[in-house]
Trainee: 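Questions regarding the structure given below will be posed in turn.
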Amino acid sequence: MSRGPAGTPWPVATTRLVVLLGWPARYSLSPVIHNAAFAEHDLDLVYLVTPVRDSDIEVAVHGLGAVGAVGANVTVPHKRAVMALCDRLTEEARLVGAVNTLVWNADGLLGDNTDAVGLRDALTADIAVAAGDRLIVFGTGGAARAVAVAAGRLQTNLTVVGRQRDAAEDVAEVAVRAGAASAGAVDAADGAALPAAIADARIVLNATPLGMAGERLPDPFHELGPGQVAYDLIYDPPETPFLHSAHEGGAETHNGLGMLVGQAAASYHRWTGRPAPFATMSAAAIHALAHRPAPTDA
Ligand code: NAP
């Protein structure tokens with residue numbers, strides 16, 4: 001393997017590690033995104049996927065620290081478990097209740113969550129979100145909590161839709177703690193409140209996996225029109241039925257690629273101290289998505 005204009009052999013003895021901790025972690029865009037960024041800045045870092053089972057996560061994190069790893073991303077199912085292994089947590093990680101980025105530095109192991117800042121930056125770049133805007137999000141899992149933190153940081157009004165009312169209220173509470181102008185919860189089965197809340201929103205986000213395999217959201221989510229923005233956190237496929245309906249109805253549409261690259265850029269900044277080469281990372285992600293291997297059952 002070689003890198004740089006001279007084509008010198010690489011990796012070398014000084015090359016340091018950044019990894020993705022997950023299980024089964026079979027396919028991820030993160031190595032492509034981060035290795036393109038490291039090459040762009042000529043950094044002697046390499047990003048690898050390291051599948052780790054639940055039972056091995058603690059020993060894996062301690063081992064990475066012992067071998068001088070610079071950092072890691074953390075994905076399903078370890079995002080909550082690694083919190084207890086960190087010496088410090090950022091406020092975003094505490095608010096979201098999960099860690100997706102680890103940084104080993106002189107003070108020990110820092111746990112951060114860059115999903116919220118990645119989404120905040122993507123929303124700002126894509127649709128110029130303003131304080132006081134009305135947002136509605138479907139979902140009450142980890143991604144919805146990142147949406148709540150981003151919505152809070154942007155001082156917007158957020159409605160959280162879930163099939164479990166108490167879970168939706170918990171996510172709304174996260175938005176309030178993050179600075180939201182207001183936040184409330186609506187039951188996904190409420191045939192009166194849900195259509196009214198969606199019609200009242202400028203930005204409608206999907207933070208469930210519904211759409212990855214062609215599933216529709218509840219009907220009112222398919223009735224967006226001009227002046228509204230449909231924002232799906234899913235990026236593969238690039239157009240879900242939710243985004244397709246919104247486009248047909250005259251709404252603006254965005255998929256989750258901006259958030260994915262945004263969270264990667266924030267992690268990159270944590271590990272290197274440098275502003276991320278966003279355009280390079282984005283181009284690498286788009287290219288990899290277009291050329292990804294076909295799914296297999298193996
Ligand atoms: P999660 O923690 O498992 O939460 C999934 C949420 O979807 C839960 O609220 C769940 O509701 C709801 N849900 C699942 N199936 C449902 C159904 N059939 N009907 C109604 N609600 C349903 O997952 P997550 O980590 O939040 O991820 C959600 C999505 O966001 C995934 O597609 C993921 O790929 C995407 N995401 C994208 C990015 C990005 O960078 N673009 C980042 C993070 C996540 P219950 O709790 O009631 O089951």
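None of the values given here were measured: they were computed from a predicted structure. Read the numbers this way: they start at 1 and go in the same order the structure lists the ligands and their atoms.
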Trainee: Using a strict cut-off of 4.0 Å, indicate which atoms of ligand 1 neighbour a heavy atom of G141.
Mentor: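 Heavy-atom distances to G141 below 4.0 Å select 2 (O), 4 (O), 8 (C), 9 (O), 26 (O).
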Trainee: Checking a contact table here: which protein heavy atom is nearest atom 37 (C) of ligand 1, and how many Å away?
Mentor: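 Result for atom 37 (C) of ligand 1: L233 O, 3.3 Å.
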Trainee: Please determine if L257 has a nitrogen or oxygen closer than 3.5 Å to a nitrogen or oxygen of ligand 1.
Mentor: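 Between L257 and ligand 1, no N or O pair is found under 3.5 Å apart.
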Trainee: For the pair R165 and D187, find out whether any cationic side-chain nitrogen is under 4.0 Å from an anionic carboxylate oxygen.
Mentor: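 The answer is no: the pair does not qualify as a salt bridge.
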Trainee: Check each atom of ligand 1 against the heavy atoms of I234 and keep those under 4.0 Å away; list them by number with element.
Mentor: 32 (O)
Trainee: Ligand 1 versus L119, non-hydrogen atoms closer than 4.0 Å: side chain, backbone, both, neither?
Mentor: neither
Trainee: So is there a nitrogen or oxygen of T140 less than 3.5 Å from a nitrogen or oxygen in ligand 1?
Mentor: yes
Trainee: Any protein heavy atom at under 4.0 Å, with atom 7 (O) of ligand 1 as the reference point?
Mentor: yes
Trainee: Output the list of atoms in ligand 1 that are nearer than 4.0 Å to some heavy atom of Q164, sorted by atom number.
Mentor: 45 (P), 46 (O), 47 (O)
Trainee: Using a 4.0 Å cutoff against the non-hydrogen atoms of A207, which atoms of ligand 1 qualify?
Mentor: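 Atoms satisfying the 4.0 Å criterion: 28 (C).
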Trainee: In terms of residue, atom name and distance, what is the protein heavy atom nearest to atom 42 (C) of ligand 1?
Mentor: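 Protein heavy atom at minimum distance: M259 CE, 3.7 Å.
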Trainee: Can you find an N/O atom of F138 closer than 3.5 Å to an N/O atom of ligand 1?
Mentor: no
Trainee: Quick one, R202 and I127 - any side-chain contact, counting heavy atoms below 4.5 Å?
Mentor: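 They are in contact (side-chain heavy atoms under 4.5 Å apart), so the answer is yes.
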Trainee: I'd like to check L158 versus R134 (side-chain heavy atoms, cut-off strictly below 4.5 Å). Are they in contact?
Mentor: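 Not in contact.
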Trainee: Any protein heavy atom sitting closer than 4.0 Å to atom 44 (C) of ligand 1?
Mentor: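 Yes, there is one.
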Trainee: Report yes if some heavy atom in the side chain of V61 is under 4.5 Å from a heavy atom in the side chain of L109; otherwise report no.
Mentor: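 In contact.
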Trainee: Using ring centroids (six-membered ring only for Trp), state whether F138 and F242 fall under 6.0 Å.
Mentor: no
Trainee: Going by the atom numbers of ligand 1, which of them fall below 4.0 Å from some non-hydrogen atom of G139?
Mentor: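 Near G139, meaning under 4.0 Å from one of its heavy atoms, ligand 1 has 9 (O).
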Trainee: Mark up the atoms of ligand 1 that fall under 4.0 Å of a heavy atom belonging to G142, in ascending order.
Mentor: 2 (O), 26 (O)
Trainee: N255 versus I234: any side-chain heavy-atom pair under 4.5 Å?
Mentor: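 Counting from C-beta outward, N255 and I234 never come under 4.5 Å.
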Trainee: Quick check: do T50 and L20 have side-chain heavy atoms less than 4.5 Å from each other?
Mentor: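 No, too far: nothing below the 4.5 Å cut-off.
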Trainee: Out of P77, A143, G211, who is nearest to atom 27 (O) of ligand 1 when you count heavy atoms only?
Mentor: A143
Trainee: In this structure, is the centre-to-centre distance between the rings of Y235 and H254 below 6.0 Å?
Mentor: no
Trainee: Please determine whether side chain to side chain contact (heavy atoms under 4.5 Å, CB included) holds for the pair V74 and T101, giving the CA-CA distance in whole Å, both sets of side-chain angles, and the decisive distance to 0.1 Å.
Mentor: CA-CA 6 Å; V74 186; T101 301; over 6 Å; no
Trainee: Pick out which of T114, D112, N105 makes a side-chain hydrogen bond (donor to acceptor under 3.5 Å, both in side chains) with R270.
Mentor: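 Considering T114, D112, N105, a side-chain hydrogen bond (donor to acceptor under 3.5 Å, both in side chains) with R270 is found only for D112.
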Trainee: Specify the protein heavy atom at minimum distance from atom 18 (N) of ligand 1: its residue, its atom name, and the distance to 0.1 Å.
Mentor: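 Minimum-distance protein heavy atom for atom 18 (N) of ligand 1 reads L210 CD2, 3.5 Å.
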Trainee: May I ask you to list the atoms of ligand 1 that are less than 4.0 angstrom from any heavy atom of P209?
Mentor: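 That gives atoms 5 (C), 7 (O), 14 (C), 32 (O) of ligand 1.
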Trainee: Under 3.5 Å, N or O to N or O, is R163 touching ligand 1 that way?
Mentor: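 Between R163 and ligand 1 (N or O atoms, distance only) the closest approach is under 3.5 Å.
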Trainee: With D232 as reference, evaluate T208, T240, T253 under the side-chain hydrogen bond (donor to acceptor under 3.5 Å, both in side chains) test and give the passing residue.
Mentor: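 Exactly one pass, corresponding to T240.
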Trainee: Under 4.0 Å from a heavy atom of M212: which atoms of ligand 1 are those, numbered in the order shown and with their elements?
Mentor: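 Those of ligand 1 that fall under 4.0 Å from M212 are 32 (O).
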Trainee: Quick one: does N113's side chain have a donor or acceptor within less than 3.5 Å of a partner on E92's backbone?
Mentor: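 Judged by distance alone, no pair lies under 3.5 Å.
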